[in-house]
Amino acid sequence: MKRLLILFFCLIFALTAAAQNYSTWGARVYDGQDQKLSRSSVKSLFQGTPAYNEYVTGIKYSKLGNGLLWPGVAISAIGLWSMALTALVDAMGECSGECAPSSYWKDGGGFVCLGIALGGAALIATGATFKIKGKKRVASAVGMYNDYMNSSAGRHVPELSLGITRGGLGLVCTF
């Protein structure tokens, strides 16, 4: 039992340490000085460009992925812990004489816990798929925005042209 508690606390410590570098909305966007931009500043920056809709869709997919992934982790943990604890109680013989160690699977309790754990695993797989898709969409939006800004449509380049007019030469400057 002590080993299970030590394993549990090590798992909790590892999860909290990993969560410190976790991005809640799926992707990080940096400016030229390696400063992380907030979601609202990226939206205002992308407003009016072709990348805006791609970015918003990527954020929606990433949020949906978070909404499926973390409940899936919790449901899987509940199913696995209930399976492990019930099997441990059966093995220790603390069933007050009513159940033998093999009755756990015969009564269907083990299958219910296994079904809960597998349902949580399905949520984890679906959530991870949506998060990956969302990150790809956000990265694609950043690429689209950079391409747009490097094109002549994204920035107004002043032009100076020289041409012949009725009265001689003409100089036209457009801003």
Side-chain angles (χ1 to χ4, degrees), residues 4-84 113-164 169-175:
L4 284 175
L5 286 174
I6 291 172
L7 178 66
F8 176 74
F9 286 118
C10 287
L11 181 67
I12 294 297
F13 177 73
L15 285 175
T16 55
Q20 291 177 6
N21 194 24
Y22 173 70
S23 172
T24 57
W25 51 279
R28 295 182 178 127
V29 178
Y30 294 93
D31 64 1
Q33 289 83 27
D34 288 336
Q35 296 292 322
K36 183 180 155 194
L37 297 176
S38 69
R39 190 176 351 160
S40 60
S41 63
V42 173
K43 275 184 165 182
S44 66
L45 186 67
F46 284 5
Q47 191 74 35
T49 65
Y52 180 77
N53 290 334
E54 185 80 7
Y55 178 76
V56 170
T57 305
I59 295 301
K60 285 180 186 176
Y61 280 146
S62 186
K63 284 183 179 181
L64 179 63
N66 279 336
L68 293 172
L69 182 78
W70 295 114
V73 169
I75 290 170
S76 288
I78 289 169
L80 291 174
W81 274 104
S82 61
M83 270 177 51
C113 294
L114 182 63
I116 291 171
L118 290 176
L123 286 175
I124 291 171
T126 307
T129 303
F130 276 112
K131 281 191 67 64
I132 291 169
K133 189 173 183 177
K135 281 186 180 185
K136 286 183 179 179
R137 286 270 182 128
V138 169
S140 170
V142 170
M144 287 171 64
Y145 176 76
N146 289 338
D147 291 343
Y148 176 76
M149 291 308 291
N150 289 335
S151 71
S152 61
R155 56 187 168 147
H156 301 287
V157 180
E159 292 182 22
L160 186 65
S161 59
L162 185 65
I164 299 175
L169 288 176
L171 185 63
V172 177
C173 183
T174 55
F175 294 96

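FYI, side chains are in, hydrogens and waters are out, and symmetry mates aren't considered; it's all heavy atoms of this structure.
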Nearest 0.5 Å, what's the CG-CG distance between Leu64 and Leu69? 11.0 Å
Measure the CG-OG distance between Leu45 and Ser40 for me, rounded to the nearest 0.5 Å. 11.0 Å
Closest heavy-atom pair and its distance - Gly120, Ser76: C-OG, 3.0 Å
Here the pair of heavy atoms bringing Cys113 nearest to Met83 is CB-CG, 3.1 Å
In terms of heavy-atom contacts, Arg137 and Gly58 come closest through CB-CA, 3.4 Å
Between Ser140 (side chain only) and Lys136 (backbone N and O only), is there a donor and an acceptor less than 3.5 Å apart? no
Can you name the nearest heavy-atom pair linking Ile59 to Val138, along with the distance? CD1-CG2, 3.9 Å
If you take all heavy atoms of Gly72 and Leu123, which pair is closest and at what distance? CA-CB, 3.6 Å
Rounded to the nearest 0.5 Å, what separation is found between the CD1 atom of Ile75 and the CG atom of Leu68? 10.0 Å
With a 4.5 Å heavy-atom cut-off, do Ile116 and Ser82 have their side chains touching? no
Non-hydrogen atoms of Ala51 and Phe46 that approach each other most closely: O-CD2, 4.1 Å
Taking atom NZ of Lys133 and atom OG1 of Thr57, what is their separation to the nearest 0.5 Å? 9.5 Å
My understanding is that only residues two or more places apart in sequence, or in another chain, count here; which of them pass ring pair (Phe, Tyr, Trp, His ring centres under 6.0 Å) with Phe130? Tyr61
